[in-house]
Amino acid sequence: MSLAQRLREIIAAEGPISVARYMELCLHDPVFGYYATRPRLGAQGDFITAPHVSQMVGELLGLWACEIFSALGRPKLVRLVEFGPGDGVMMTDVLRAATSAAPEFIEACEIVLVETSPPLMEKQARSMRECGHEAKWIEGIEEIPSDAPVIALANEFLDCLPVRQALRTEAGWRERLVGLDGVGRLAFTLSANEAPCDAHWPAAASSGAVAEWSPELRAFGASVGGLLARASGAALFLDYGSAEDEGLADTLQALRGHCREDPLARPGEADLTAHVRFAPFLSAASAAGAETPPTLAQAEFLRAIGIEERAAILGRSRPDRAEQIGRQLRRLVAADQMGLLFRAACIHSKGLAPAPFEAAA
Ligand code: SAH
């Protein structure tokens, strides 16, 4: 049995399923899901993320977290949370930098890792042991109590949240579904009825346009906003996506061995993501009572928190690695690499003003 077979059975019994349900099964099915059973992160795996490109990302986020801790008035207890920590490399870098910059912050920290993947939890546990820190694992944000301030970080977590898709046809919006073709292979099909239209879609869309929306992303935005409003604190999300709802696009993407492939080709064997629509995510957080300054391009954010200075210091202390560090820096900030495609989004409680985000107009 494979996930493709299981999906064929589900679709044969229940009819075509939404793209969101397809993503959910591909990523999290306990027996066949990509994250549940065979996530492969890093250079040797399926995809490489910013903390794997360079330790500078985690280190700078560690210093950012120290500033938030100060702005919160150095509380006795603060929850340092990471959503979707992968193999734990970013948290290790965060903790190393924060320990030397503000040991009292680390003393006040309860480290909370939000993860659903058993194999990745194991890797995270190893990383935590190796760097000498204790952490607590939970599966969802609703398990975080609001009796202490929260500082939360996440890299490439939001893009895993399932999206639904709709296609503009002559007859209006139809939901894009995963069904079976004439010979029983997985294939995209359309709902017979009108798709539930979304306020964030442009009214004038021409036939053939694809729109995406994510009830999970919004619900998560509302949870983050609500938690930070109650507990106080700040959360930072780095991910690829669009600042405002810039037009419409089909951004469903499967990555395997660093190559893009047809998202229906090998369900459960590839990482499956979609670009993050920051606008609905942030408006849900703001409706739940938090502040949501405008997002920044990753290049702008990392430069503002000192990545060029950090690269220069690292390069001077390791001249043998200076060229490699320069390459890593370019990969993170260059406009034709990760610099513009990725964005930084901040959600925070009222009264905080995390740099380098400008207060929303
Ligand atoms: N942040 C890491 C890993 C990114 S991959 C890095 O940048 O390298 C996405 C991570 O989110 C994985 O750890 C995956 O298991 C986790 N994840 C995906 N969906 C999740 C969900 N619904 N709840 C909790 N964790 C999830």
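All ligand and atom numbering here is 1-based and tracks the order in the structure. From a predicted model like this one, the values you see are computed outputs, not experimental measurements.
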Check your understanding: Looking only at protein heavy atoms, which one is nearest to atom 5 (S) of ligand 1, and how far off is it?
Key -> Tyr35 OH, 3.3 Å
Check your understanding: What do we get for Thr49 next to ligand 1 when only non-hydrogen atoms under 4.0 Å count, side chain, backbone, both or neither?
Key -> side chain
Exercise for review: Look at atom 23 (N) of ligand 1 and say which protein heavy atom is nearest, naming residue and atom and giving the distance to 0.1 Å.
Suggested key: Thr116 CG2, 3.6 Å
Point to revise | Ligand-side contact atoms (ligand 1) for residue partner Cys160, heavy atom cut-off under 4.0 Å | key: 9 (C), 18 (C), 19 (N)
Check your understanding: Which protein non-hydrogen atom lies closest to atom 7 (O) of ligand 1, naming both residue and atom, and how far is it?
Key -> Asn155 ND2, 2.8 Å
Study note, to complete from the structure: side-chain hydrogen bond (donor to acceptor under 3.5 Å, both in side chains) with Arg303: of Glu309, Gln298, Glu308, only one passes, and it is Glu308
Review point. Relative to the ring of Phe357, is the ring of Trp64 parallel (under 30°), tilted (30 to 60°) or perpendicular (over 60°)?
Key: perpendicular
Review point. Is Glu194 salt-bridged to Arg174, going by a charged N under 4.0 Å from an acidic O?
Key: yes
Check your understanding: Are any non-hydrogen side-chain atoms of Glu9 and Met1 less than 4.5 angstrom apart?
Key -> yes
Review point. Using heavy atoms and a threshold below 4.0 Å, how should the contact between Pro51 and ligand 1 be classified: side chain, backbone, both, or neither?
Key: side chain
Revision key, fill the gap. the protein heavy atom lying closest to atom 11 (O) of ligand 1 turns out to be Gly84 CA, 3.2 Å
Review point. Non-hydrogen atoms of Met90 versus ligand 1: any pair closer than 4.0 Å?
Key: no
Practice item. Kindly indicate whether the side chain of Val19, heavy atoms from C-beta on, has any atom under 4.5 Å from the side chain of Phe188. Key: yes
Practice item. Using a 4.0 Å heavy-atom threshold (strictly under), name the region of Leu120 that reaches ligand 1: side chain, backbone, both or neither. Key: side chain
Review point. Does a salt bridge link Glu323 with Arg327, judged by any charged N lying under 4.0 Å from a carboxylate O?
Key: yes
**Study point:** ring pair (Phe, Tyr, Trp, His ring centres under 6.0 Å) contacts in which one or both residues fall within residues 92-149, not counting sequence neighbours
**Key:** Phe69-Phe105
Check your understanding: Do NZ/NE/NH1/NH2 and the carboxylate oxygens of Glu14 and Arg21 come within less than 4.0 Å?
Key -> yes
Check your understanding: Can you find an N/O atom of Glu115 closer than 3.5 Å to an N/O atom of ligand 1?
Key -> yes
Check your understanding: So which protein heavy atom does atom 4 (C) of ligand 1 come closest to, and at what separation?
Key -> Glu156 O, 3.5 Å
Check your understanding: Could a heavy atom of His28 be found less than 4.0 Å from some atom of ligand 1?
Key -> yes
Check your understanding: Looking at Arg330 and Asp336, does any basic side-chain N land under 4.0 Å from a carboxylate oxygen?
Key -> no
Practice item. Just let me know how Leu41 lines up against ligand 1, side chain, backbone, both or neither, with a heavy-atom cut-off below 4.0 Å. Key: side chain
Study note, to complete from the structure: Nearest non-hydrogen protein atom to atom 26 (C) of ligand 1, with distance, is Phe157 CE1, 3.5 Å
